[in-house]
*Asks:* 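Dropping the structure in here first, questions after.
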Amino acid sequence: MHDLSDLLRPEGVLKDVAAANKKNLFQQLATTAAETLGADPKLVAERLAAREKLGSTGFGGGVAIPHAKLDGLAAVAGVFVRLAQPIEFDAVDDLPVDLVFMLLSPTAAGADHLKALARVSRRMRDRPFLAKLRGAGSPDALYALFSADAARDAA
């Protein structure tokens, strides 16, 4: 299943975001999570940074999937950001990152968190899909790529 629209809201998909570094990116992701998911932005930024200290969530090809668990979330949810300029992320391939899919899960969502992370990871390893994400002209176009309609159109 390529559809990730159950994890994203249209307002949680951003294009051409300017971030100087990981810390700045996490703050911006946290602000968007606060606006779209009602999450505490300070806590989101802290949890993302704490997870990142365990090892980079930049898994190569210009992609990162920072993730964290938080109290108060109703379900696993995400925010997708395409950066205006790639940033250093200590990724496994040492390449800078320009595509970021943040995943936030309720604290008790053990298996659901892992399943969502696996789904996002599989989708974000698809090179033709990544090319479409990099070429999309608007946040709506980006969101459409993650939705079922786009997956059916591509089939």
Side-chain angles (χ1 to χ4, degrees), residues 1-54 56-91 96-107 109 112-126 129-130 132-151:
M1 179 167 141
H2 295 303
D3 180 14
L4 296 176
S5 62
D6 61 315
L7 301 175
L8 287 172
R9 294 181 182 167
E11 62 273 18
V13 176
L14 307 174
K15 174 185 167 291
D16 295 334
V17 171
N21 53 42
K22 251 196 265 196
K23 181 179 180 181
N24 181 252
L25 172 65
F26 289 168
Q27 290 167 342
Q28 292 188 54
L29 288 168
T31 299
T32 301
E35 294 166 358
T36 61
L37 307 173
D40 176 349
K42 185 175 185 226
L43 186 60
V44 171
E46 287 173 1
R47 294 281 169 87
L48 291 174
R51 167 55 190 87
E52 203 66 23
K53 284 181 182 173
L54 299 175
S56 178
T57 56
F59 70 76
V63 175
I65 307 176
H67 52 279
K69 292 184 179 180
L70 298 172
D71 290 329
L73 290 179
V76 179
V79 170
F80 175 79
V81 170
R82 188 176 82 195
L83 296 172
Q85 297 294 323
I87 61 170
E88 290 303 316
F89 215 88
D90 301 317
V97 162
D98 65 332
L99 301 175
V100 180
F101 196 117
M102 175 186 67
L103 202 58
L104 298 176
S105 300
T107 304
D112 288 343
H113 176 78
L114 293 175
K115 287 176 187 175
L117 196 55
R119 283 176 52 212
V120 171
S121 177
R122 273 193 302 276
R123 194 69 180 124
M124 299 301 287
R125 289 186 198 286
D126 179 341
F129 180 71
L130 297 180
K132 289 178 185 177
L133 290 175
R134 290 185 171 110
S138 70
D140 287 342
L142 286 166
Y143 180 76
L145 289 168
F146 287 107
S147 74
D149 294 332

*Asks:* Answer yes or no: is there a side-chain heavy-atom contact under 4.5 Å between Val44 and Phe26?
*Replies:*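 Counting from C-beta outward, Val44 and Phe26 never come under 4.5 Å.
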*Asks:* Rounded to the nearest 0.5 Å, how far apart are NZ of Lys42 and OG1 of Thr31?
*Replies:*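 That separation rounds to 13.5 Å.
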*Asks:* With a 4.5 Å heavy-atom cut-off, do Lys22 and Ser56 have their side chains touching?
*Replies:*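 Yes; the side chains approach each other to less than 4.5 Å.
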*Asks:* Output, in order, the C-alpha distance, side-chain angles, deciding distance and verdict of side-chain contact (heavy atoms from CB on, under 4.5 Å) for Ile65 and Ser121.
*Replies:* CA-CA 8 Å; Ile65 307 176; Ser121 177; 4.2 Å; yes
*Asks:* For atom CD of Glu11, decide whether the heavy atoms of other residues, nucleotides or ligands shown that lie under 6.0 angstrom number more than 12.
*Replies:*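 Check passes, neighbour count above 12.
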*Asks:* Indicate yes or no: at least one non-hydrogen side-chain atom of Asp98 is less than 4.5 angstrom from one of Arg134.
*Replies:*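 Heavy-atom side-chain distance check passes, below 4.5 Å.
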*Asks:* Restricting to non-hydrogen atoms, name the atom on Ala18 and the atom on Gln28 that form the minimum distance, rounded to 0.1 Å.
*Replies:*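 It is O-NE2, 2.6 Å.
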*Asks:* Under the side chain to side chain contact (heavy atoms under 4.5 Å, CB included) test against Arg82, which residue among Leu133, Val13, Leu142 passes?
*Replies:*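 Filter result, single survivor: Leu142.
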*Asks:* For Pro106 versus Ala74, what's the shortest heavy-atom pair and its separation?
*Replies:*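 Reported closest heavy-atom pair: CG-C, 4.1 Å.
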*Asks:* Rounded to the nearest 0.5 Å, what's the gap from CG on Leu103 to CG on Leu29? Could you check?
*Replies:*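 Leu103 CG to Leu29 CG: 11.5 Å, rounded to 0.5 Å.
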*Asks:* Side chains of Asp6 and Arg119: closer than 4.5 Å at any heavy-atom pair?
*Replies:*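 Counting from C-beta outward, Asp6 and Arg119 do come under 4.5 Å.
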*Asks:* Could you tell me if Asp3 and Ser5 have a donor-acceptor pair between their side chains, going purely by distance under 3.5 Å?
*Replies:*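 There is such a pair between these side chains.
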*Asks:* Nearest 0.5 Å, what's the CG-CD1 distance between Leu25 and Ile87?
*Replies:*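 Here the rounded value is 4.5 Å.
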*Asks:* Would a distance-only check, ignoring hydrogens and angles, find a side-chain to backbone donor-acceptor pair under 3.5 Å from Thr32 to Gly12?
*Replies:*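 A pair under 3.5 Å: no.
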*Asks:* Side-chain contact, heavy-atom cut-off 4.5 Å: Asp90 with Glu52?
*Replies:*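 Asp90 vs Glu52: side chains apart.
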*Asks:* Looking at CD of Glu46 and CG of Asp40, how far apart are the two atoms once the value is rounded to the nearest 0.5 Å?
*Replies:*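 Glu46 atom CD to Asp40 atom CG measures 7.5 Å (nearest 0.5 Å).
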*Asks:* Aromatic rings His67 and His113: how do their planes relate, parallel, tilted or perpendicular, breaks at 30° and 60°?
*Replies:*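 Tilted.
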*Asks:* Would a 4.5 Å heavy-atom cut-off, applied to side chains only, mark Pro66 and Val100 as touching?
*Replies:*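 Yes, side chains in contact.
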*Asks:* Taking all heavy atoms of Pro41 and all of Ala30, pick out the closest pair and write down the distance.
*Replies:*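 Distance-wise, the nearest heavy atoms are O-CB, 3.1 Å.
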*Asks:* Applying side-chain contact (heavy atoms from CB on, under 4.5 Å), run through Val63 and Phe101 and close with a yes or a no.
*Replies:* CA-CA 8 Å; Val63 175; Phe101 196 117; over 6 Å; no
*Asks:* Search all heavy atoms of Lys15 against all heavy atoms of Gly137 and return the closest pair with its distance.
*Replies:*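 Closest approach of Lys15 to Gly137: CE-O, 3.1 Å.
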*Asks:* How long is the gap from CG on Asp71 to NZ on Lys69, to the nearest 0.5 Å?
*Replies:*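 Here the interatomic distance stands at 11.0 Å.
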*Asks:* Quick check for you: to the nearest 0.5 Å, what is the distance between Leu83 atom CG and Phe89 atom CZ?
*Replies:*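 Here the interatomic distance stands at 8.5 Å.
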*Asks:* Looking at Phe146, is Arg123 sitting on its ring face, NZ or CZ under 6.0 Å from the six-membered ring centre and within 45 degrees of the normal?
*Replies:*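 No, Arg123 and Phe146 do not form such a contact.
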*Asks:* Side-chain contact test, heavy atoms from C-beta onward, threshold under 4.5 Å: evaluate it for Met102 versus Leu48 and give yes or no.
*Replies:*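 Yes, side chains in contact.
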*Asks:* Would you say the side chain of Met124 lies within less than 4.5 Å of the side chain of Leu130, judging by non-hydrogen atoms?
*Replies:*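 Counting from C-beta outward, Leu130 and Met124 do come under 4.5 Å.
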*Asks:* Any idea which heavy atoms bring Ala33 and Leu104 closest together, and the distance?
*Replies:*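 Closest approach of Ala33 to Leu104, heavy atoms only: CB-CD1, 3.8 Å.
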